Amino acid sequence: MTSTVKNINANLCTRCGKCVPYCPTYRVFRSETYSPRGRLFFFQRGIYHQSLEACLFCGKCERVCPNRVGFVESGLEIIKDKKEPIILKEASDLIGGHPLQILSKLRFLDRFDKILPEKGKVNPKKIYSFKENQGKPDLLVYFSCDLKHLYPQVLEKFLSLLKKKGINVWVVEDSECCGAHFLSLGFPSLVKQRALKNLKVLQEVEAPVVFFCATCLWMFKKVYPKFFEGTSYEKDFLDLVKRGISAYKALSLFGEEELKVLAERSKDSSVLFHLPCHLTEEFSLVKNKIKVSEFCCGSPKISLYWEGFPEKYKRVWIQNLVKVKVVATFCAGCFLNFNMVLSSPPQIKHWLELL
């Protein structure tokens with residue numbers, strides 16, 4: 001790790017420690033080195049420590065900091081400039097096709113095998129038919145991994161609702177996986193490859209881009225612009241940032257009555273609406289509309305799974321699920337993680353499945 005400090009905002013840290021108890025990794029490891037304050041200490045001095053790799057990028061530190069300082073920006077700087085081991089990068093070709101298919105082969109995802117086949121029964125061609133609309137689209141849908149493999153019926157429902165309202169929605173079938181798995185593994189070049197491919201297909205038509213996964217939305221809004229900072233693509237990615245919205249926000253624009261349905265469902269004590277950490281751009285919008293429970297799922301980050309981190313962190317939030325029959329989330333990573341660390345009940349669903 002180099003000793004240069006590129007993130008000027010990191011210098012605003014006063015070491016007050018307000019961030020420490022909110023950090024998921026600190027709450028498990030109980031070591032200052034695994035807190036945002038500890039990570040910033042190492043980062044500013046150019047010292048490598050394994051805690052730098054353990055950051056979940058949840059952003060809780062920044063949200064509670066009086067100076068709005070967190071480790072996320074610094075952590076992205078580290079990954080952005082990370083030297084990639086050639087052998088590991090070549091091995092990454094094995095997971096380059098589709099991460100969800102590879103995840104099913106790993107030791108801790110036996111439950112995942114039960115999720116994918118059931119969801120995969122939905123015929124994707126039925127979804128594509130909605131793109132046959134003529135004229136300029138009102139919305140573009142980023143066709144992410146979760147919509148293809150985990151809950152494609154959610155997209156069908158969304159498109160059907162908006163079609164009845166006369167909203168012209170196009171599904172961008174050529175969308176690439178956002179590359180979050182490559183970010184987790186520390187391969188910035190592969191993240192950039194995915195980013196450029198997505199930029200190319202989403203630049204073809206000027207319209208708001210709708211995301212059904214909080215992590216995908218975060219990758220587009222936070223990671224892509226950071227990784228192309230100071231390049232000829234920076235402005236293009238910043239322009240794309242302005243167009244990115246969640247499917248929930250899209251409903252706030254075009255389906256207010258549907259939001260009322262979700263609001264009513266959220267009052268049911270047997271249903272818990274989980275607010276993912278990476279839906280940070282729209283926290284206020286969501287909290288003003290529906291009753292949500294905000295906590296980190298424990299992250300499906302591969303390196304931490306080998307250490308059993310999600311199972312250990314589960315003790316922090318499991319008390320929230322007493323008598324809960326359905327956990328609805330808005331993130332593919334959270335969806336996977338809940339399915340992996342919980343036995344049914346509760347059932348794990350996407351928010352829009354409850355419409």
Side-chain angles (χ1 to χ4, degrees), residues 57 76-77 79-84 86 88-103 120 124-125 127-128 130-131 136-137 139-152 155 159 169-247 250 278 281 300-302 331-333 336:
F57 298 113
L76 290 177
E77 283 284 359
I79 296 179
K80 173 185 173 183
D81 298 329
K82 185 176 181 179
K83 185 177 181 181
E84 303 174 2
I86 296 176
L88 289 180
K89 187 174 180 181
E90 290 176 351
S92 70
D93 290 339
L94 297 174
I95 61 168
H98 200 286
L100 296 183
Q101 294 168 346
I102 301 301
L103 286 175
K125 293 298 181 183
I127 297 176
Y128 296 159
F130 286 95
K131 195 180 176 181
K136 188 175 183 293
L139 296 172
L140 298 177
V141 168
Y142 170 64
F143 200 26
S144 51
C145 304
D146 52 319
L147 294 179
K148 294 173 184 176
H149 296 275
L150 295 181
Y151 31 75
L155 178 56
L159 295 174
V169 185
W170 288 8
V171 178
V172 184
E173 300 168 32
D174 296 329
S175 300
E176 291 276 343
C177 170
C178 68
H181 59 301
F182 290 136
L183 180 72
S184 173
L185 293 168
F187 293 113
S189 66
L190 299 179
V191 173
K192 290 177 182 178
Q193 285 178 16
R194 297 299 175 100
L196 289 172
K197 289 179 181 178
N198 281 321
L199 177 66
K200 182 179 179 181
V201 297
L202 292 172
Q203 275 186 320
E204 293 177 4
V205 181
E206 184 72 24
V209 183
V210 181
F211 293 81
F212 287 75
C213 169
T215 296
C216 292
L217 181 60
W218 178 78
M219 288 290 292
F220 272 74
K221 284 183 171 287
K222 297 293 185 181
V223 180
Y224 287 2
K226 187 69 176 177
F227 277 28
F228 287 91
E229 204 170 46
T231 73
S232 58
Y233 291 105
E234 181 177 12
K235 183 179 183 303
D236 292 329
F237 280 106
L238 290 175
D239 289 341
L240 187 57
V241 164
K242 298 174 184 176
R243 294 165 54 198
I245 61 174
S246 72
H278 287 143
E281 296 287 326
K301 191 171 184 178
I302 295 173
C331 175
L336 283 172

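For reference, positions follow the sequence shown, starting with 1. All values derive from a computational prediction rather than experimental measurement.
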Legend entry - Value rounded to 0.5 Å, distance of CZ in Phe227 from CG in Leu183: 5.0 Å

Inset, instruction - Taking side chain to side chain donor-acceptor pair (under 3.5 Å) as the test, write out the residues that go with Lys235, two or more places apart. - result: Asp239

Legend entry - Nearest heavy-atom neighbours spanning Arg243 and Val205: NH2-O, 2.8 Å

Legend entry - Minimum side-chain heavy-atom gap Val141-Val172 below 4.5 Å: no

Legend entry - Reported CG-to-OG distance for the pair Leu217 and Ser144, which is rounded to 0.5 angstrom: 10.5 Å

Inset, instruction - Considering non-hydrogen atoms only, spot the tightest contact between Ser175 and Phe143 and give its length. - result: OG-N, 3.3 Å

Inset, instruction - Find out whether Phe57 and Ile79 are in side-chain contact, i.e. whether some heavy atom of one side chain is under 4.5 Å from a heavy atom of the other. - result: yes

Legend entry - For Tyr224, side chain to side chain donor-acceptor pair (under 3.5 Å) partners two or more places apart: Asn198

Inset, instruction - Kindly compute the distance separating CD (Glu176) from CG (Leu202), expressed to the nearest 0.5 Å. - result: 11.0 Å

Inset, instruction - Under the side-chain contact (heavy atoms from CB on, under 4.5 Å) rule, what do Val223 and Trp218 come out as? Steps first, then yes or no, please. - result: CA-CA 7 Å; Val223 180; Trp218 178 78; 3.5 Å; yes

Legend entry - Side chain proximity check, Leu150 to Leu336, heavy atoms < 4.5 angstrom: yes

Inset, instruction - Report yes if some heavy atom in the side chain of Leu147 is under 4.5 Å from a heavy atom in the side chain of Phe211; otherwise report no. - result: no

Legend entry - Pro225 versus Leu238, closest heavy-atom pair with distance: CB-CD2, 4.0 Å

Legend entry - Residue pair Leu139 / Ala250: nearest heavy atoms and the distance that separates them: CD1-CB, 4.2 Å

Inset, instruction - Look only at the side chain of Lys136 and the backbone of Glu206, and say whether a donor-acceptor pair between them is shorter than 3.5 Å. - result: yes

Legend entry - Gap between atom NZ of Lys82 and atom CG of Leu185 - 0.5 Å precision: 8.5 Å

Legend entry - Residues in salt bridge (Lys or Arg N to Asp or Glu O under 4.0 Å) contact with Glu229, at least two apart in sequence or another chain: Lys80, Lys226

Inset, instruction - Grab the two heavy atoms, one from Phe228 and one from Glu234, that are nearest each other, plus how far apart they are. - result: O-CB, 3.4 Å

Inset, instruction - To the nearest 0.5 angstrom, please state how far the OH atom of Tyr142 sits from the SG atom of Cys178. - result: 5.0 Å

Legend entry - side-chain contact (heavy atoms from CB on, under 4.5 Å) evaluation trace for Ile245 with Val209: CA-CA 6 Å; Ile245 61 174; Val209 183; over 6 Å; no

Inset, instruction - Measure the spacing between OG1 of Thr215 and NZ of Lys222 and express it to the nearest 0.5 Å. - result: 14.0 Å

